[in-house]
Amino acid sequence: MSETKSPAGWDSLWKEYTNSLEKWREVFESFQKITNEMQTKYNEVMEKASSESSKDTMQEFGQNWQKAMNEAGITVFKQFGENWQKAINDYSVNAFKQFSESWQKSMSESGLESMKEYGEMMNKFADTWKKMWQT
């Protein structure tokens with residue numbers, strides 16, 4: 001049996017590729033961890049807000065958040081307004097939890113562009129919160 005030789009430079013190119021792949025895996029795992037942490041805090045904020053704020057305040061917050069996303073050009077969440085309105089109408093911790101799960105699921109099923117938009121959406125959440133409650 002004859003031994004097949006690797007093309008010149010193959011070993012170093014393969015090593016560079018596997019190093020890049022390992023870096024990508026580490027960043028991806030870090031991103032997943034940070035996303036889960038952020039989502040946990042978001043859920044805590046929404047649970048507290050929905051139990052301590054009036055329906056009118058939450059309605060205003062939802063409208064302001066939607067407006068901020070529209071102004072930023074965030075379009076991936078086509079059902080956001082309908083789902084938010086349903087949560088407001090039901091006005092319970094469970095309704096807000098279902099709202100969160102719905103758009104989180106849509107984010108996890110989308111591609112890289114959606115991850116960027118997810119970050120922008122959460123940033124607009126923070127901006128809107130700060131403007132309404134001046135934290």
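For clarity, every value in this text was computed on a predicted model and none was experimentally measured.
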Check: Yes or no on side chain to side chain contact (heavy atoms under 4.5 Å, CB included) for Y17 and L13, after CA distance, side-chain angles and deciding distance?
Finding: CA-CA 6 Å; Y17 170 77; L13 181 57; 5.7 Å; no

Check: More than 12 foreign heavy atoms under 6.0 Å from CD of Q32: is that the case here?
Finding: yes

Spatial distance of atom [atom1] ([X]) from atom [atom2] ([Y]) [nearest 0.5 Å]:
| X | Y | atom1 | atom2 | answer |
| --- | --- | --- | --- | --- |
| E60 | W65 | CD | CH2 | 15.0 Å |
| D127 | E120 | CG | CD | 11.0 Å |
| N36 | M38 | CG | CE | 9.5 Å |
| D90 | S50 | CG | OG | 12.0 Å |
| N43 | M46 | CG | CE | 9.0 Å |
| W14 | N19 | CH2 | CG | 11.5 Å |

Notebook entry, point to check: With sequence neighbours left out, what residues match N89 under side-chain hydrogen bond (donor to acceptor under 3.5 Å, both in side chains)?
Noted result: Q85

Next item on the list: Kindly write out the residues that satisfy side-chain hydrogen bond (donor to acceptor under 3.5 Å, both in side chains) with E16, not counting sequence neighbours, or none if the list is empty.
Entry: none

Notebook entry, point to check: Who are the salt bridge (charged side-chain N to carboxylate O under 4.0 Å, His left out) partners of K48, not counting sequence neighbours?
Noted result: E52

Next item on the list: Heavy atoms only: give me the nearest W84-G62 pair and the separation to one decimal.
Entry: NE1-CA, 3.1 Å

Note to self: Show the nearest heavy-atom pair for residues M132 and T57, with the distance to one decimal.
What the structure shows: CE-O, 3.8 Å

Item checked: Whether T35 side chain and F31 backbone form a donor-acceptor pair below 3.5 Å -> yes

Item checked: Y42-F96 aromatic ring centre distance below 6.0 Å -> no

Margin query: For residues L21 and V27: do they belong to one hydrophobic cluster (side chain heavy atoms under 4.5 Å, members Ile, Leu, Val, Met, Phe, Trp, Tyr)?
Written below: no

Notebook entry, point to check: Yes or no on side chain to side chain contact (heavy atoms under 4.5 Å, CB included) for I88 and K55, after CA distance, side-chain angles and deciding distance?
Noted result: CA-CA 7 Å; I88 288 295; K55 184 175 180 176; 3.7 Å; yes

Margin query: Using a strict threshold of under 4.0 Å (side-chain N to carboxylate O), is an ion pair present between E29 and R25?
Written below: yes

Margin query: Evaluate K41 against E44 for salt bridge (Lys or Arg N to Asp or Glu O under 4.0 Å), listing each step before the verdict.
Written below: CA-CA 5 Å; K41 291 302 173 191; E44 290 173 12; 3.2 Å; yes

